[in-house]
Asks: 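One structure, pasted below without further comment.
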Amino acid sequence: MKNIKALLGLLCFCLGIFSTSNAQNIVKIEYYIDTDPGFGVATDVPITAATPINNLNVSVPMTGLTDGFHQFFARAKDANGAWSMVANHQFLKTTFVITPAATIPNVVKAEYFIDTDPGFDGGVNIPLMPGTPITNLSATIDISVLTLGTHKVFIRIKDDLGAWSMVNTQTITIANNAMLVGTVPTGFCRNAAFNVPFIANGTFSAGNVFTAQLSNASGSFTSGVTTLGTLTSTTSGIISATIPNAIALGTGYKIRVIPSNPALTNVDEEAFSVLSVCPPPCGTIVILQSTADDYSTGTILKQANASTGVITATNKITGNANVTYKSGKSIILEPGFKVDSGTVFKTEFGGCN
């Protein structure tokens, strides 16, 4: 398929007769490209006789012209048969050949290696269903043979033409001890106790203290960290946590649990919100009605059971409220339910247990 691009598509020019005191109507205009075929036999430009004729638009077809520079010429004739001087304009014609987009090949192989590249096809195979594209690739990586410390995991894929992708890299740290936060609320209110279960892997010394921490409002533990609760133990357990009244409401927080002996900071972190209203007890059926359940400010989380829960809502969300409904089975928004512009309202699968 050819697509023609020229510097000249429409040429505006002014042609007139020399006499201004006894001007005659212009009755004919013609143009030619490169070579003059003679007066009266060039390509005619339809006009209505008048004097003067200014800013005339002329569409010039490019078909048949070779690529390169060309000269465009135009002239006019008046009612007495006198021809004007010739107006000219140089232009460039260029032909672009557009080839069809290549068919995206299928992905047929994925592999990973750690720290040292064994060469193409020498990595550990990652099972996959061949296809294109692959948007999410999950791999179980054996770290049992790795030494303590930092390592790099590399992943690459190959298509059915034998071409390999760029390598994707992820840094991991292997340690004797590890901390995982268990199932905690995704958000909770201030000055009310809630549980933070945690899993402690490895060996911890006598007198070790596990501390549940809340990050600053930006999700960072480098400054502005708040202690929510502690537990003296050497094994997994549950910390009773409370958010102080001074903590600002928001959705950008994180929770983690760190030990003191040995001290670890590179641990699991879970997203968390500080709410103005505490989540209610986990129910199977949650009914939200106006005006008792109308929200106009703060970050609100309403949950029903994560597997069988149903939320039915006829309440109103106004102002600058940030509201999330989570339920395992269904969320029904019935007539009367209202969300104003400027609010944030989300529905999610999941819920409480």
Asks: Give the ring-plane orientation class for Phe73 versus Tyr32, where under 30° counts as parallel, over 60° as perpendicular and anything between as tilted.
Replies: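 If you compare the ring of Phe73 with that of Tyr32, the planes turn out parallel.
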
Asks: Is there a donor-acceptor pair closer than 3.5 Å between any side-chain N or O of Asp34 and the backbone N or O of Gln71?
Replies: yes

Asks: Which of these, Ile311, Leu301, Ile300, sits in a side chain to side chain contact (heavy atoms under 4.5 Å, CB included) with Tyr325?
Replies: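 Exactly one option meets the side chain to side chain contact (heavy atoms under 4.5 Å, CB included) with Tyr325, and it is Ile311.
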
Asks: Could you tell me the separation between the CD1 atom of Ile255 and the CZ atom of Phe198, rounded to the nearest 0.5 Å?
Replies: 13.5 Å

Asks: Are Ile47 and Val60 linked, directly or through other ILVMFWY residues, by side chains that come within less than 4.5 angstrom of each other?
Replies: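 Ile47 clusters together with Val60.
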
Asks: To the closest 0.5 Å, what do you measure between NZ (Lys109) and CD1 (Ile157)?
Replies: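 So the gap between those two atoms works out to 12.0 Å.
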
Asks: To the nearest 0.5 angstrom, please state how far the CD1 atom of Ile331 sits from the NZ atom of Lys346.
Replies: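 Spacing of CD1 (Ile331) from NZ (Lys346) equals 12.0 Å.
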
Asks: Measure the OG1-CZ distance between Thr232 and Phe204 for me, rounded to the nearest 0.5 Å.
Replies: 13.5 Å

Asks: Would you find more than 12 non-hydrogen atoms of other residues, nucleotides or ligands less than 6.0 Å from Lys329 atom NZ?
Replies: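 Result for NZ/Lys329: open.
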
Asks: Nearest 0.5 Å, please: how far is CD1 in Ile258 from CG in Asn208?
Replies: 10.0 Å

Asks: Spell out, as yes or no, whether a donor-acceptor pair under 3.5 Å connects the side chain of Ser218 to the backbone of Ser220.
Replies: no

Asks: Say whether Leu264 and Phe221 are linked into one hydrophobic cluster, either directly or through other cluster members, by side-chain heavy-atom distances under 4.5 angstrom.
Replies: no

Asks: Side-chain contact, heavy-atom cut-off 4.5 Å: Lys338 with Asp294?
Replies: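 Answer no - side chains too far apart.
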
Asks: Please answer: with hydrophobic residues joined when any side-chain heavy atoms are less than 4.5 Å apart, are Met62 and Val45 in the same cluster?
Replies: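 Met62 clusters together with Val45.
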
Asks: I'd like to know if Leu333 and Leu288 are part of one continuous hydrophobic network [Ile/Leu/Val/Met/Phe/Trp/Tyr, side-chain heavy atoms within less than 4.5 Å].
Replies: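 They do share one cluster, since a chain of ILVMFWY contacts under 4.5 Å joins Leu288 to Leu333.
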
Asks: Quick check against the 3.5 Å criterion: does Asp159 have a side-chain atom that pairs as donor or acceptor with the backbone of Leu161?
Replies: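 Yes, because the side chain of Asp159 sits within donor-acceptor range (under 3.5 Å) of the backbone of Leu161.
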
Asks: Considering only heavy atoms from C-beta outward, does the side chain of Ser260 approach that of Thr211 to under 4.5 Å?
Replies: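 Ser260 does not reach Thr211 side chain to side chain.
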
Asks: Compare every heavy atom of Pro244 with every heavy atom of Leu228, then report the nearest pair and how far apart it is.
Replies: CD2-CD, 4.4 Å

Asks: So which heavy atom on Phe188 is nearest to which on Phe272, and how close?
Replies: N-CZ, 3.5 Å

Asks: Check whether any side-chain N or O of Glu348 sits under 3.5 Å from a backbone N or O of Lys326 as a donor-acceptor pair, and report yes or no.
Replies: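 Not a single qualifying donor-acceptor pair exists.
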
Asks: Do the non-hydrogen side-chain atoms of Ile141 and Ile114 ever get within less than 4.5 Å of each other?
Replies: yes

Asks: Please check this pair: side chain of Arg256 against backbone of Thr265, looking for a donor-acceptor N/O pair closer than 3.5 Å.
Replies: yes

Asks: Do Phe72 and Tyr31 have ring centroids that are under 6.0 Å from one another?
Replies: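 Yes, the ring of Tyr31 comes within the 6.0 Å limit of the ring of Phe72, centre to centre.
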
Asks: Quick one: CZ on Phe91 to CZ on Phe69, what's the gap to the nearest 0.5 Å?
Replies: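 Between Phe91 CZ and Phe69 CZ, I get 11.0 Å after rounding to 0.5 Å.
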
Asks: Given 3.5 Å as the limit, does a donor-acceptor pair link the side chain of Thr284 with the main chain of Thr308, or not?
Replies: no

Asks: Could you tell me whether a side-chain N or O of Ser84 sits under 3.5 Å from a main-chain N or O of Ala76, the two making a donor and an acceptor?
Replies: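 Present.
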
Asks: Give me the atom names and distance for the closest heavy-atom approach of Val310 to Ala304.
Replies: N-CB, 3.8 Å

Asks: For the pair Asn216 and Ser223, evaluate side chain to side chain contact (heavy atoms under 4.5 Å, CB included) and give the outcome as yes or no after the intermediate values.
Replies: CA-CA 7 Å; Asn216 62 27; Ser223 63; 3.7 Å; yes

Asks: Indicate the atoms forming the closest heavy-atom contact of Asn191 with Thr242, along with that distance.
Replies: CA-CG2, 3.7 Å

Asks: Does Thr314 use its side chain to pair, donor to acceptor, with the backbone of Glu334 at less than 3.5 Å?
Replies: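 Such a contact is absent between Thr314 side chain and Glu334 backbone.
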
Asks: Kindly indicate whether the side chain of Val274, heavy atoms from C-beta on, has any atom under 4.5 Å from the side chain of Leu214.
Replies: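 Yes, at least one pair of side-chain atoms sits under 4.5 Å.
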
Asks: Below 30° counts as parallel, above 60° as perpendicular, anything between as tilted: where do the rings of Phe39 and Trp83 land?
Replies: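 Correct class here is tilted.
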
Asks: So Arg75 and Asp36, do their side chains get closer than 4.5 Å, heavy atoms only?
Replies: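 The answer is yes; the side chains approach within 4.5 Å.
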
Asks: Do you know which two heavy atoms are closest between Val181 and Val184, and how far apart they sit?
Replies: CG1-CG1, 3.7 Å

Asks: Does a side-chain heavy-atom distance below 4.5 Å link Glu30 with Thr43?
Replies: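 The answer is no, as the side chains (C-beta and beyond) never meet within the 4.5 Å cut-off.
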
Asks: Are Phe113 and Ile155 connected into the same hydrophobic cluster when the rule is that any two of I, L, V, M, F, W, Y join if their side-chain heavy atoms are below 4.5 Å apart?
Replies: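 No, it is not one cluster - the side chains of Ile155 and Phe113 are not joined through contacts under 4.5 Å.
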
Asks: Looking only at atom types and distance, does a side-chain atom of Ser215 sit under 3.5 Å from a main-chain N or O of Lys254, one as donor and one as acceptor?
Replies: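 It does hold such a pair.
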
Asks: Provide the closest heavy-atom pair for Thr343 versus Gly319 in the form atom of the first, atom of the second, distance.
Replies: CG2-O, 3.2 Å

Asks: Can you tell me if Asn315 uses its side chain to pair, donor with acceptor, with the backbone of Asp293 under 3.5 Å?
Replies: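 Yes.
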
Asks: Surrounding CD1 of Ile332 (heavy atoms of other residues, nucleotides or ligands, distance under 6.0 Å), is the total greater than 12?
Replies: yes

Asks: Stepwise, does the side chain to side chain contact (heavy atoms under 4.5 Å, CB included) test hold for Val286 with Gln303?
Replies: CA-CA 8 Å; Val286 176; Gln303 299 186 92; over 6 Å; no

